[in-house]
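Read the structure below first, then the notes.
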Amino acid sequence: MQSLGDWRRTHYSRQVKPDMDSEKVTLMGWIHEIRDLGGIIFLLLRDRDGVTQITAPSKKVSKELIEEIRKLRKESVVAVKGTVQESGKAPGGVEIIPEEIELLNQSQQPLPLDPTEKVRAEIDTRLDSRFLDLRKHSVNSIFKIKSRMLHSVRLFLEEQEFIEINTPKLVASATEGGTELFPITYFEREAFLGQSPQLYKQMMMATSLDKVYEIAPIFRAEEHDTLRHLNEAISIDVEVAFADQEDVMILLEEMVAQAIKDVKENCGEELETIGVELEVPETPFPRLEYAEVVDLVNAKGVNLRYGEDLSRAAEKAIGEVMDGYYFISDWPSEIKPFYVMPRPENPQVSLAFDLMYRDLEISSGAMRVHLHDLLVERIKSKGLNPDSFNRYLAAFQYGMPPHAGWGLGAERFTMCLTGARNIRETVLFPRDRRRLTP
RNA sequence: GCCCUGGUGGUGUAGGGGCUAUCAUGUGGGCCUGUCGAGCCCACGACUCGGGUUCAAAUCCCGGCCAGGGCGCCA
């Protein structure tokens, strides 16, 4: 096996164009395919986002080099120095006549799956050999899109003068109720992996930083086993002081629309690779009240009582009516967490909202309770013990402004951007009920 | 956690009590100077595990493990 030495890549595949005829280039990548026709050998060299044909006719290339090419195996890593040749017969109208080929690392055979996608592999097989799966442009395009989306989200929030924060992922409390937590050993004590930055970002509202965001993993020990749940996911969390639910709904829809526009403008190749035509939604997004949704769902023949959370059947029913992005607001206080503000004039209804895309919930948020005594009352009414929230509650006793915020699931949003039907497609190394490796 | 379905070469599959276990792709070798899902020839490579029924089990039955789908759970 050879080292790089003074070889360096001069171009990526995609940058090699017909108008570069007779230029010398150095490409580095993986052997995608070898077609040996005897007197002429075609090598397809693949790199991060393209494939270039290396053509070795016996008349133009030395015997020694031909022999070396014959030793190459699929998915081996090579560096090729050669001359660009314009050719109507080559894919993309351009090929490279090699002068030197350096084998940087030979690949073993047979491969655990087929990166050329002639034979498809199941998701389980693919995730076991994810490094190889990710060499497929159709697969790595999803992550280029996810990256661009996160970049766009950061740009948007930074422009609005949000401050990026980092809250702890090792937490003491298992008493928040709701979701199951992953217990861990913290020296001589038990601790947990954080399920949400919720309580921390709210405490930030009492610090005068006013507008904060965090993009970080959340951990949930639920034994769910569906195409849209993960046990480790990335949450895009925002909290804003001196704002109400309507303010942060506008922020959310503007951010989502902007991210979609950004991805559409900057990820054209990737979207084409995965066959997705993105539509930038118009703002404001449609807004439905929970009570309307109950009626709509029942009209569709799916039984849903007022006060119940949306069942999967209910989500699907409403998803058939609402095609794109839309909000559901005015949820019953009873099915929303303690920190959600009840409507002052009608406390049975809360100032909470969900952002949906068709039948998929991608975000939920609310105006929060900023009044200490009301918060304690709400904690009690949820059957929780206020004593275990002392450090959180203290932030509400010395000047907590009214505030609102939301959390947006990065993977679920990526599903919307890429059309992925399985959320595992949007995570490099997903963690689900059974999978903990690689 | 519940329900349904499945587990056959490296990958993806056909078969569904007894024949040399099908096909594609792949891998190894050979032929071929314009391939682009290259083509042609030769070879290689598999029945999830444990128990049971049977003269005989990849096939039927029971259980485990694993996977796919649906649901539930998801402050």
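Side chains are part of it too, since the values below use all heavy atoms of this structure and drop only hydrogens, waters and symmetry mates. Within every chain, numbering begins at 1; the chains are lettered A, B, ... in the order of the sequence lines, protein sequences first and strands thereafter.
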Can you check the A:F219 CZ to B:rC73 P distance for me, whole Å? 24 Å
Ring-face cation of A:R48 near A:Y12 (centre distance under 6.0 Å, axis angle within 45°): yes
Closer than 4.0 Å, any side-chain N/O of A:R35 to the OP1 or OP2 of B:rC32? no
Would you say B:rC66 has OP1 or OP2 under 4.0 Å from some side-chain N or O of A:R434? no
Residue whose closest nucleotide on RNA chain B lies nearer the 5' end, A:K336 versus A:G38: A:G38
A:T125 side-chain N/O to B:rG12 phosphate OP1/OP2 under 4.0 Å: yes
Name the orientation class of the two ring planes belonging to A:F285 and A:Y325 (parallel below 30°, tilted from 30 to 60°, perpendicular beyond 60°). parallel
Return yes if a side-chain donor-acceptor contact under 3.5 Å exists between A:E214 and A:T167, otherwise no. yes
Of the nucleotides B:rG37, B:rA75, B:rG72, which one has an atom closest to the side chain of A:K118? B:rG37
Side-chain atoms of A:R73 come closest, of B:rU33, B:rG69, B:rG29, to B:rG29
For A:K60, which contact category applies under a 4.0 Å heavy-atom criterion: base, sugar-phosphate, or nothing? nothing
When the C1' atoms of B:rU54 and B:rG6 are considered, how many whole Å apart are they? 25 Å
Assess the residue pair A:N385 and A:K380 against the criterion (side-chain contact (heavy atoms from CB on, under 4.5 Å)); give the C-alpha distance rounded to whole Å, side-chain angles, the decisive distance to 0.1 Å, and a yes or no. CA-CA 6 Å; A:N385 182 0; A:K380 283 184 189 159; over 6 Å; no
